Amino acid sequence: MPELPEVEVVRAGLEPVFIGARIDAVEVFDTRSLKRHDARRGDFVGLLSGSTVISAERRGKFMWFPLDTGDALVTHLGMSGQVLLRAADAEPDRHLRIQLHVTHPTHGPLAINFVDQRIFGSMAVDELVQQQVGVPGAALRTVPSQAAHIALDPLDPDFDDDAFVRALRKKSTGVKRALLDQNLISGIGNIYADEALWAARLHGEKPGEAISAAKARELLAEVRSVLTKALAEGGTSFDAQYVNVNGASGYFSHSLNAYGQQGKPCARCGAEIRRVTFMNRGSHFCPRCQRR
DNA sequence: CTCGTGGCCTGATCGC
DNA sequence: TGCGATCAGGCCACGA
């Protein structure tokens, strides 16, 4: 459920208290939350203990926190993950999977709780690698090896619009599948895919190769618009002290035009929004505005 | 190589 | 009241 805007809100909220914090101790309550951690690189707890966080980064839905050891703590929220900032002596949260005990130079001792009901998310310690990605001539990027295959997100200044349009227009598969392909464009999940397709008046099952270059650029513009609006709403709604992204209450649901709107009139033409199952997930669209 | 499907996972909800 | 089935969808492994 957390897509780019929600993940960015978490990243930005953690940044001021995480940067400069030393990780004193780590408790893993459920090893399933370490499924993306490669144990051959070493013990998760051992690799983190005693290290200091340098920065807070994000690409698409991956977040990572480079450490003074040269590695990075990688976090993916999956479907239901949260990173909750708590007082050091706070009561444990429900579904607490991993807890970091940290000390920050000015904020003092804190607990950082990785909470994840459905365990689609994860934490890992991974090595950082350098890569060339994005528009030609863009500066080298440093990224965890496990996120190196993830494309830049469309809000990244180095995102290559031309390359995206070319790649989309070579695909025989539906445009929604392409929007959800994190190797092509990152940060978009089911909700904002449906929203962007509605705004661009595109049916999600329309093959990429059947979309004109102009329409592809329009879609990209709508993707950016949807993500930017959600980011602006999310950025104002969270508590600076406690970061809390929750699929139910934290979602920017009051401004949705397609997702979850089945049975309601289309805000543009009044036709009834439909919901169908596509790619094993719900797809919401206006049958009049969005023709296949 | 591209494309499409199944599996992981828990809790809320629904029908009987 | 209880119980099984269904649904939600992030990513990845795998097979065609």
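Quick note on labels: first sequence line is chain A, next is B, and so on, each numbered from 1. Just so we're clear, the structure is a prediction, and the values are computed from it rather than from any experiment.
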Seminar exercise, completed: Rounded to whole Å, CG of Leu168(A) lies from P of dT2(B) at a distance of 14 Å

For this session: Find the distance Arg281(A):CZ to dT5(B):P and express it as a whole number of Å.
Result: 11 Å

Exercise. dA13(C) C1' sits how many Å from Asn183(A) CG, rounded?
Worked result: 13 Å

Problem set entry | Phosphate OP1/OP2 of dT10(B): any Ser80(A) side-chain N/O under 4.0 Å | no

Problem set entry | Distance in angstrom units between Arg36(A) CZ and dG10(C) C1', rounded | 8 Å

Exercise. Taking atom C1' of dG7(B) as reference, at what distance in whole Å does atom CZ of Arg32(A) sit?
Worked result: 14 Å

Exercise. So, is Arg94(A) near the phosphate of dT10(B), with a side-chain N or O under 4.0 Å from OP1 or OP2?
Worked result: no

For this session: Would you mind reading off the distance between Arg118(A) atom CZ and dC12(C) atom P, rounded to a whole angstrom?
Result: 17 Å

Exercise. How many Å lie between CZ on Arg59(A) and C1' on dG10(C), as a whole number?
Worked result: 18 Å

Problem set entry | Phosphate contact (dC3(B) OP1 or OP2) by Lys171(A) side-chain N/O below 4.0 Å | yes

Exercise. Under 4.0 Å between a Lys/Arg side-chain N and an Asp/Glu carboxylate O for Arg11(A) and Glu15(A)?
Worked result: yes

Exercise. When we call it a touch if two heavy atoms are under 4.0 Å apart, what does Tyr259(A) touch: a base, just sugar-phosphate, or nothing?
Worked result: sugar-phosphate

Exercise. Is the closest basic N to carboxylate O distance between Asp153(A) and Lys61(A) below 4.0 Å?
Worked result: no

Problem set entry | Arg201(A) atom CZ, neighbour heavy-atom count above 12 within 6.0 Å | no

Exercise. Is Leu34(A) linked to Phe62(A) within one hydrophobic cluster, defined over Ile, Leu, Val, Met, Phe, Trp and Tyr using a side-chain heavy-atom separation of less than 4.5 Å?
Worked result: no

For this session: Check every strand shown and say whether Gly282(A) touches a base, only sugar-phosphate, or nothing at a heavy-atom separation below 4.0 Å.
Result: sugar-phosphate

Problem set entry | Phosphate OP1/OP2 of dG11(B): any His95(A) side-chain N/O under 4.0 Å | yes

For this session: Treating Ile, Leu, Val, Met, Phe, Trp and Tyr as nodes and any side-chain heavy-atom pair under 4.5 angstrom as an edge, say whether Ile23(A) and Val74(A) lie in one connected cluster.
Result: no

Exercise. At under 4.0 Å, does any side-chain N or O of Arg177(A) touch on OP1 or OP2 of dG4(B)?
Worked result: yes

Exercise. In whole angstroms, how far is the C1' atom of dG10(C) from the NE2 atom of His149(A)?
Worked result: 12 Å

Exercise. For dC9(B), does either OP1 or OP2 sit under 4.0 Å from a side-chain N or O belonging to Gln117(A)?
Worked result: no

Exercise. Does dC8(B) have OP1 or OP2 sitting under 4.0 Å from an N or O in the side chain of Lys35(A)?
Worked result: no

